Trainee: 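The structure that follows is given in the form of structure tokens.
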Amino acid sequence: MSLARKNVPQILIYHTHGASEAYADSKAGKEEDSVVGTGNLLSEELKNQYGYQVIHDKTKYDLINGKID
């Protein structure tokens, strides 16, 4: 059995700047246009194409008391 087939999490994706990082053409407030959206795509690719068990943590670690730190 390959490592990609175990039923335990194998890959963790998280974003240190999930609340503040965006791309030049990102639309404000649209997660799919942000670095978190890229994490969504990567997570799905790793799961669906390669069979990995992935945790995608979308916590906004750079958001402190409602403001960008």
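If you're wondering where the values come from, they're calculated on a predicted model, not measured in any experiment. Positions are given from 1, in the same order as the sequence printed here.
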Trainee: Within the side chain of Asp33, is there an N or O that forms a donor-acceptor pair under 3.5 Å with the backbone of Lys27?
Mentor: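 Yes, the answer is positive, given that a donor and an acceptor are paired below the 3.5 Å cut-off.
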Trainee: To the nearest 0.5 Å, what is the distance between NE2 (His15) and NZ (Lys60)?
Mentor: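 Rounded to the nearest 0.5 Å, the NE2-NZ separation comes to 11.0 Å.
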Trainee: With side chain to side chain contact (heavy atoms under 4.5 Å, CB included) as the criterion, how do Glu21 and Thr16 come out once you've worked through the C-alpha distance, each side chain's angles and the decisive distance to 0.1 Å?
Mentor: CA-CA 9 Å; Glu21 283 295 321; Thr16 58; over 6 Å; no
Trainee: Do the side chains of Tyr14 and Val35 join up, straight or via other hydrophobic residues, at under 4.5 Å, putting them in one cluster?
Mentor: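 Tyr14 does not cluster with Val35.
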Trainee: A quick test of your reading: do over 12 heavy atoms of other residues, nucleotides or ligands sit less than 6.0 Å from OH of Tyr23?
Mentor: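 Count over threshold, so yes.
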Trainee: Yes or no on side chain to side chain contact (heavy atoms under 4.5 Å, CB included) for Leu42 and Leu46, after CA distance, side-chain angles and deciding distance?
Mentor: CA-CA 6 Å; Leu42 176 59; Leu46 290 168; 3.9 Å; yes
Trainee: Looking only at heavy atoms, what is the nearest atom pair of Lys58 and Asn40, with distance?
Mentor: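 Distance-wise, the nearest heavy atoms are CE-OD1, 3.0 Å.
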Trainee: What pair of heavy atoms forms the shortest contact from Val54 to Ser43, and how long is it?
Mentor: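 Closest pair (atom of Val54, atom of Ser43, distance): CG1-OG, 3.5 Å.
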Trainee: Check the pair Leu63 / Ile68 against side chain to side chain contact (heavy atoms under 4.5 Å, CB included), numbers first and verdict last.
Mentor: CA-CA 5 Å; Leu63 196 61; Ile68 301 296; 4.0 Å; yes
